[in-house]
Structures are given as C-alpha cells and as structure tokens.
Amino acid sequence: MKICMIGGGYVGLVSAACFSEFGWSVTCVEKDADKLATLLDGHIPIFEPGLDALVDRNRAAGRITFTGDVANSVKDADLVFLAVGTPMRRGSGHADLSYIYAAVEEFAPHLTGFTVITTKSTVPVGTSREIERRLRALRPDADFAVCSNPEFLREGSAIQDFTHPDRILVGCDDERAKEVMSRLYKPLALRNAPIIFTSRESAELAKYAANAFLAMKISFINEIADLCEEVGADVQQVANAIGSDGRIGNKFLHTGPGYGGSCFPKDVSALVRTAREASSPLSLIEQVQIVNEERKQSMVTKIVRAAGGDVRGKTIGVLGVTFKPNTDDMRESPSLVILPRLMDKGATVKVHDPQGRRHAEAMLEGAVWCENAAKVAEEADVLVLMTEWNEYRALDLSAVRKTMKGDVLIDLRNVFNPADAEAAGFVYRGLGRPDRLLEPPVAKVVKANP
Ligand code: NAD
C-alpha cells in the first residue's frame, strides 16, 4: 500500500514514520523549505523522543521518503493523508482550514485510480464533506472517497500512542474506503487495537469532544486545587482518591499553570464556535476557557506574592518553558503569558529549558537564557518550576538553594516533596497544598460567559 502524507509536522512525521514501520511505503510531502532541507539532510526538525531512530531505520529500508513534490507523491498513492496545521483563526476562534483546502487544490490534479483521502488533521464537523465537494468540482472524473481519521497522539509519547492506541477512529461512508482503512491499520488490529468506524461527522466531532473533555478535567482539578489551599486539603490526595474511581479515571487530574499546547486551546475554541453557530452552545466548555485564562494570571499573582508582594528589581529563575516536558513545542504554553507579565512588573527572568529554547527564545523577549538549571538558580530571589522535565526532578535542592539570593521555591507542577524542599532551606510553595506561607487567598472573579 502506498501512502502520501501531506505535512511533515508533529502529526505528519510521526504518522508517516509509524506507517512505514508497519511495512507500508510512505512519501511525506513537506512544503516548508527549511524543514524539508533538514529532513533530506537526514535529521528531524522537531524534538520527539524516538522519532529520529524510527525514521532512520525506515529510511534505510527504503520505506519512507521526504519530498516537496506533491504531484509525484500523489499519483500512485492508495491513500492521501492530510496532516497540515489547522490553527486558530485570528479573532474568530474558528479553525483555520486554509492549509487543508490549499493542499486539496495542490493534489487534486494528480489523483489517479481509486484514492482514499483522509484527514489526520483535527477539522471541524463537515470538513470531510466540504473536501469531497471541492474535489468533485476540481476533478469530476476522479475516483476517490474522503474519510476522517482523527489523531489522538500526545507529543512527548507520540510513537507509543500511535502504535498502542486506545482506539483508532475512522469516519467513513464508503465501503471501498473502509476496506482500505482496515488494511492500513491491520498491524495494530492484530495487536487488539480497537478500530471504531463511525460516520464522518461523528469522527470529526468526537476528536473535539475528547479534547474539550480533557481540558475540562484539567480546569476542574485546577479549581479544586485552589479550594484545597483555602480549606487545608491536599489536591494530590484528592486527585488520587477520585481518580481511583473507574468512572472518573486518574489521568489529566494533575494541577498546573493551565493547559496549553498546539491542541487544547485551539480545539476548545473551535468547538465553542461550532456549537454557537449550531445554536447549541456548550456553556460548560465556554467556562473551561475562562477558567484556563484566569489560571495563568493567578499563577502570576502567586509568584508575586511569594516574592514578597513586588517583583520589581528581583530575579526570578524559571525551570522549563514548554507547555509540557519531552517536547520542544511552545504553542500556547502558559509560560508565554506568565513570564512576560512578570517582566512587565519589573522582574528579571532567567530561564532554562532542555529543548524549548530554539522556538522560545524569540517568543520570550527579554528573558535571560541559561545553559542549565544550576545557572538559572544562581543569585535568583525566587525559583519557579514551570515544566516538569525529568532532569529537574533530580536537582540537588540544597546545592541549588545555596547559590540563590532568596529562598522561595514555587513548584507549579507539584514535583518536589515539600518536606525535602523545606529541609533544603526553601520556603516551598506548591499548588493545592496546605499553604505554609499563610498568605491571603488570591481573589477569584467568577465571570459570566462572554
Ligand atoms: P505542524 O504545524 O507541526 O505541522 C504541519 C505541517 O504541515 C507543517 O510542517 C507545514 O509546513 C506543513 N504543510 C502545510 N501545508 C502544506 C502543504 N500544502 N503541503 C505540504 N506540507 C504542508 O502541526 P501538527 O502539530 O503536526 O498538527 C497537524 C494537525 O494535527 C492539526 O490539525 C492538529 O490539530 C492535529 N493534531 C495535532 C496533535 C499534536 O500533538 N501536535 C495531536 C493530534 C492532532
């Protein structure tokens, strides 16, 4: 089976590499000249654990190639995947489908034989139908079917997620396409991965509903964490107690500085727009957006208070800036809101991130970059753990504390044991733990939906 993957980003590259590992012949089309040059040079333009070795192996076996030439890649393909970006459209909150439709126009002239066109990108309900309509207008002679195959992988564990999925979701209204999709995923079906076939609309909506639900879990536990601080409970104990209930589940119950990344913010926003336009608003999910925005500001307030009420002239050391560990993705990272606000208040912000600097440096203007965590701590008044990279877990807190000017450690991921941090000489402040600083509560404004 021959596959053409259009888009060589996080999803396109991982999907292309995993399909080639199944034994399929994959051509990945990337139109960004720099990314393509990197790929043709034998390197990977993103950081995703294990991806370089997987691509190297399959490239050497001749099963995966990279190109900018869409015509030759599409003409013999049994399957054309769309894995291009669908970012948030400025101002409206809708998904921007311009990359999808531009790609459709590019490949349409080159279709030959029966071809299954499949969206791996996250696209709003009705997009498969619209792709089909446009293709029929462009190529009334072509033999094709359009499917939806949303991707559920997580950056940082993308290969494991792709090869061991909880389910594979295929929205498909065409029997021949269904047979092709079943054959494509047979290597995973043989390992008992369930394939769920639905209508195209159901598959498209299910992807958004899944992301909105997970975002809701994060906002829920963040609000519970705030409550824990006020009433003397510990959010980790609460999360553990409720997460062991199979109806709730223990995933996505970790409090933090708010959700970010390339998916949740834009997908929640697009779902809210879809629902409003369908005159069926999702008031619960709209509130999740508000809670998440407020979360970032309340983290700023927490840091300022722990620093003594004013950060002017103070140095804040920040460990990690990516939206989560094991990725270099900075899209919608909470650090992009929190750190500029601290700098606006007059703080000097020193940062380190194991992989994020390449993208983050231009996005965090004014921040001082350090080559490791120890340098971040040197002479800092306050140390903030923003992203829970493993290398920060192993920090020698006593040694770090001795190089600092101040003694406050703010742990926005609850990574450290408070007793260990205090034994190392820190005034420790986590999230959703009984507050040892005896500060007044951060005032919360409960806003109505816009
Ligand atoms: P990305 O921005 O990393 O990658 C998209 C790539 O497509 C870019 O490299 C871009 O240059 C390329 N591209 C755009 N138009 C092209 C064209 N016409 N021809 C060839 N290449 C083209 O985006 P991503 O994170 O991989 O996300 C892609 C889609 O998958 C989005 O809809 C996203 O919501 C969805 N998704 C992402 C994740 C994730 O964790 N990143 C998870 C599940 C689903």
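Quick caveat, the model's predicted, so the values are computed rather than measured. Numbering of ligands and ligand atoms starts at 1, following listing order.
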Discussion item. Among K266, K35, K207, which one puts a heavy atom closest to atom 33 (C) of ligand 1?
Written reply: K266
Worksheet entry | Side-chain donor/acceptor of N149 to backbone N/O of T119, under 3.5 Å | no
Fill in: Short N-O contact, K2 and D78, less than 4.0 angstrom
no
Worksheet item: Which atoms of ligand 1 sit under 4.0 Å from any heavy atom of V29?
Response: 20 (C), 21 (N)
Worksheet item: A83 near ligand 1, heavy-atom distance under 4.0 Å?
Response: yes
Practice prompt. Would you check the N or O atoms of V11, main chain and side chain alike, for any that come under 3.5 Å of an N or O of ligand 1?
Written response: yes
Worksheet item: Out of E155, E106, R154, whose heavy atom sits nearest atom 18 (N) of ligand 1?
Response: E106
Worksheet item: Backbone, side chain, both or neither: what part of S121 comes under 4.0 angstrom of ligand 1, heavy atoms only?
Response: both
Worksheet entry | Pair E361 + R357: basic N to acidic O under 4.0 Å | yes
Worksheet item: Quick one: are the ring centres of F19 and F81 less than 6.0 Å apart?
Response: yes
Worksheet item: What is the closest protein heavy atom to atom 4 (O) of ligand 1, and at what distance does it sit?
Response: G9 CA, 3.2 Å
Worksheet item: With a cut-off of 4.0 Å, which atoms of ligand 1 are near a heavy atom of G85?
Response: 5 (C)
Worksheet item: Should E286 and R276 count as an ion pair when the cut-off is N to O under 4.0 Å?
Response: yes
Worksheet item: Salt bridge check: are R429 and D411 linked by an N-O gap of less than 4.0 Å?
Response: no
Worksheet item: Within the distance-only criterion (no hydrogens, no angle test), does the side chain of N58 pair as donor or acceptor with the backbone N or O of L54 below 3.5 angstrom?
Response: yes
Discussion item. Starting from atom 35 (C) of ligand 1, what is the nearest protein heavy atom, named by residue and atom, and what distance separates them?
Written reply: T122 OG1, 3.5 Å
Worksheet item: Relative to the heavy atoms of I6, which atoms of ligand 1 are at a distance of less than 4.0 Å?
Response: 17 (C), 19 (N), 20 (C)
Item to complete: May I ask you to say whether E132 pairs ionically with R129, meaning some side-chain N is under 4.0 Å from a carboxylate O?
Response: no
Worksheet entry | Under 4.0 Å to a heavy atom of S262 - the qualifying atoms of ligand 1, by number | 39 (C), 41 (N)
Practice prompt. Please could you name the atoms of ligand 1 that D32 approaches to less than 4.0 Å, counting only its heavy atoms?
Written response: 11 (O)
Worksheet item: To which protein heavy atom is atom 7 (O) of ligand 1 closest, and what is the distance rounded to 0.1 Å?
Response: G7 CA, 3.4 Å
Discussion item. Heavy atoms only: which of K31, E151, E30, E105 lies closest to atom 43 (C) of ligand 1?
Written reply: E151
Worksheet item: With no hydrogens and no angle check, is any side-chain donor or acceptor of T86 less than 3.5 Å from a backbone partner on T122?
Response: yes
Item to complete: Out of V84, L36, T86, indicate the one that has the non-hydrogen atom closest to atom 14 (C) of ligand 1.
Response: V84
Worksheet item: Does a side-chain N-to-carboxylate-O contact under 4.0 Å join K207 and E151?
Response: no
Worksheet item: Any nitrogen or oxygen of R331, main chain or side chain, under 3.5 Å from a nitrogen or oxygen of ligand 1?
Response: yes
Discussion item. To check your reading of the model: name the closest protein heavy atom to atom 42 (C) of ligand 1, its residue, and the distance in Å.
Written reply: L153 O, 3.5 Å
Worksheet item: Could E204 and R200 be called an ion pair, given the rule that one side-chain N must be under 4.0 Å from one carboxylate O?
Response: no
